[in-house]
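To find a chain, count down the sequence lines: A is the first, B the second, and so on, and within it residues start at 1. The basis for the numbers below is simple: all heavy atoms, side chains too, and nothing from hydrogens, waters or symmetry mates.
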Amino acid sequence: MSLPVTDVQRDLIDLVRRFVSTEIVPLEFELDPDESELSAPVLERLTTKTKQMGLYNIDVPEEFGGAGLDTVTRTLLAMEMSQHRAGLYAPCYAAFGQPDMGQLYDGTDEQKERYLYPVLRAEKKSFFALTEPSGGSDPARAIQTRAKRDGSDWIINGNKTFISGADTADFGLVFARTGDQESGRSGITCFIVDADTPGFTVRRVIHTLRSGHCPTELTFEDVRVPAAAVLGEVGQGFALATERLTKNRIPYAAGCLGVAMKAHRMAVEYAGTRSVFGSTLAEHEGIQWMLVDNEIDLRSATLITLDAAERADSGQPFRTEVALAKIVATEAAGRVVDRAIQIHGGYGVTKDLPLERWYRELRIRRIGEGSTETQKMIVSRDLLRGRYRGLLDR
Amino acid sequence: MIRPWLPLTAANLADVPGALGVFEISDPSGVIAIEYAGGHSSFGLRGRLERWLDERPGLSFRYERTNSYLSRYRELVRAFENEHGEPPEQPNRTDQRLEGDR
Ligand SMILES: Cc1cc2nc3c(=O)[nH]c(=O)nc-3n(C[C@H](O)[C@H](O)[C@H](O)COP(=O)(O)OP(=O)(O)OC[C@H]3O[C@@H](n4cnc5c(N)ncnc54)[C@H](O)[C@@H]3O)c2cc1C
């Protein structure tokens, strides 16, 4: 395994790094420390620049007008884009485009016109509704929301929970059971549901550690959608959900590492200037070891994450590598930010510094997008069923 | 919000904590503003509410302490919009997002 940074990638990294330090960080002196959004005129000013850079819609394939980056480059840039206060969940405040709704690439032409292109033009917002009160780790079994045929229409009934952004969205991807409860993953279908469809309600906002953005609870009461609302094939919704989720976990892991890299750099600088017991913090072994532990966490997690990205680009199966990256990056980043806070003492937990926000939000990252435990299940399943090939066998 | 409405007076504000949170301002016509005291506000809720003291006579206020001040603020604004079809009047400020929260 190497750390492949080409000249082109280096230039892109420098470009994004400069963008973060000159365009984003100064804004954060003014914004509330928990803010995740910019006003429309400020965002428009920034997106004009990212479009000139050729990096607008960074996650989108070229055929849909996006940047069309390979996964390794995207991963390297994700590590840069998150290096500011809101960077974990709102990297550069979406100046590089909205989060990927890649499931829509598989839609019909009509679905693309009505949903995909407006999302890419930032004219429509969407939500992704998989998790239910009955559980999010094992949605294939847990989904109880049902869709029944009525003529050529479908009628959806049920509840979803922890759905991010549904309170401001124009439409959502809703995963409902169309087979019987024992049908597992083959009984789940994905529907596109407009937020103004009668019977669809955002019942409440769920307040979490992350104040700038919130998940919601949804209710579907006899929500009638046409056959044209089915995304992909009936019964193939689960594959549609998980395929994209798997790939998205690579930049997701990289974003955690970006934040942790920034926290580590802050800790190194602070340790060199803060005096305690007659010398700087950096001269005390207890602090040096914390910094070394940060370095070990960051280097190992970065290599594992880039390995997953390289694997995804190679066209070979990458599920195990992605699961490892998701575990290692989220857990390591949490430890690094925790140590950085400790090194900053009282200042570390104030809202004057971004560390406390990263600490809170990183905690969610070990649960969202496939928790640490469910990722471990993926790796162990592949290990024990003989599908997994270790690093040296590949 | 379940806290009772109180007249907006210096004496009543003296008891408001300098904490993070959200608050509503009303006049006899109903709620006219929903705001938050965020991470930049000097003296938190009390500091933000003091800005309203000389705005106009006959105002009342109620508040809620919360660390989830942004999501709670957006929830309250959205609930108001759902009920009234438009956002509250917000006469005393511009976009809190732009001016920060000082
Ligand atoms: C802020 C936030 C935003 C979210 N946004 C969205 C969204 O937009 N759309 C969406 O669909 N979902 C969303 N989620 C839901 C998220 O994906 C789920 O919370 C997650 O999948 C875990 O599901 P659960 O909370 O139901 O926990 P459960 O499935 O009930 O699991 C509980 C705990 O047990 C662990 N566990 C599960 N199985 C095993 C096992 N076999 N062995 C050991 N431990 C196990 C889990 O890891 C977890 O720690 C969001 C969640 C949060 C917190």
Side-chain angles (χ1 to χ4, degrees), chain A residues 26-45 85-86 89-90 93 125 162-169 195-196 200-217 347 349-361 363-364, chain B residues 1-3 17-24 31 33-51 62-88 90 92-102:
Chain A
L27 287 173
E28 292 188 333
F29 291 125
E30 289 302 316
L31 289 166
D32 183 87
D34 270 13
E35 190 52 86
S36 292
E37 293 174 7
L38 296 176
S39 63
V42 178
L43 183 59
E44 199 179 316
R45 177 172 64 73
R85 193 189 287 262
Y89 278 100
Y93 297 90
K125 288 186 182 168
F162 287 124
I163 308 307
S164 300
D167 52 333
T168 54
D196 58 5
F200 169 75
T201 317
V202 179
R203 202 168 49 199
R204 78 170 180 115
V205 160
I206 305 171
H207 300 286
T208 68
L209 293 170
R210 192 179 147 206
S211 162
H213 228 81
C214 45
T216 56
E217 271 180 22
Y347 296 109
V349 291
T350 66
K351 283 194 180 291
D352 296 344
L353 297 179
L355 296 167
E356 64 84 33
R357 177 169 177 178
W358 296 337
Y359 181 77
R360 282 183 282 128
E361 294 187 341
R363 188 63 190 84
I364 300 173
Chain B
M1 261 193 224
I2 49 173
R3 269 184 171 272
L20 304 175
V22 290
F23 63 90
E24 293 178 334
V31 172
I34 301 170
E35 291 190 17
Y36 61 84
H40 284 160
S41 16
S42 312
F43 300 105
L45 285 163
R46 190 171 63 247
R48 293 288 308 181
L49 277 160
E50 275 167 358
R51 293 177 172 202
R62 61 180 179 177
Y63 69 91
E64 202 175 274
R65 285 173 86 134
T66 172
N67 283 338
S68 301
Y69 52 92
L70 275 180
S71 53
R72 181 68 175 130
Y73 159 75
R74 284 173 187 148
E75 181 181 38
L76 289 171
V77 170
R78 209 148 297 128
F80 184 96
E81 283 174 352
N82 285 345
E83 198 176 322
H84 301 274
E86 54 186 2
Q90 310 284 45
N92 196 16
R93 66 167 180 80
T94 52
D95 188 348
Q96 224 173 330
R97 219 168 18 186
L98 275 183
E99 63 167 314
D101 186 30
R102 283 167 233 267

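- The main-chain N or O of L31(A) is found under 3.5 Å from a side-chain atom of H40(B) such that the two form a donor-acceptor pair.
- Environment of CD in E44(A): sparse, with no more than 12 heavy atoms of neighbouring residues, nucleotides or ligands closer than 6.0 Å.
- Counting only N and O atoms by type, the side chains of Y36(B) and D32(A) include no donor and acceptor under 3.5 Å apart.
- Heavy atoms of R78(B) lying under 4.5 Å from chain A belong exclusively to its side chain.
- Heavy atoms from other residues, nucleotides or ligands lying under 6.0 Å from OH of Y93(A) number more than 12.
- When heavy atoms are compared at a cutoff of 4.5 Å, T208(A) approaches chain B solely by way of its backbone atoms N, CA, C and O.
- Put simply, the side chain of R74(B) does not reach to within 4.5 Å of the side chain of D167(A), judged on heavy atoms.
- Interatomic distance, CG of L70(B) versus CD of E37(A), reported as 9.0 Å (0.5 Å rounding).
- Annotation: R62(B), atom CZ; neighbour count of heavy atoms from other residues, nucleotides and ligands within 6.0 Å is above 12.
- Pairing each heavy atom of S211(A) with each of Y69(B), the nearest pair is OG-N, 3.6 Å.
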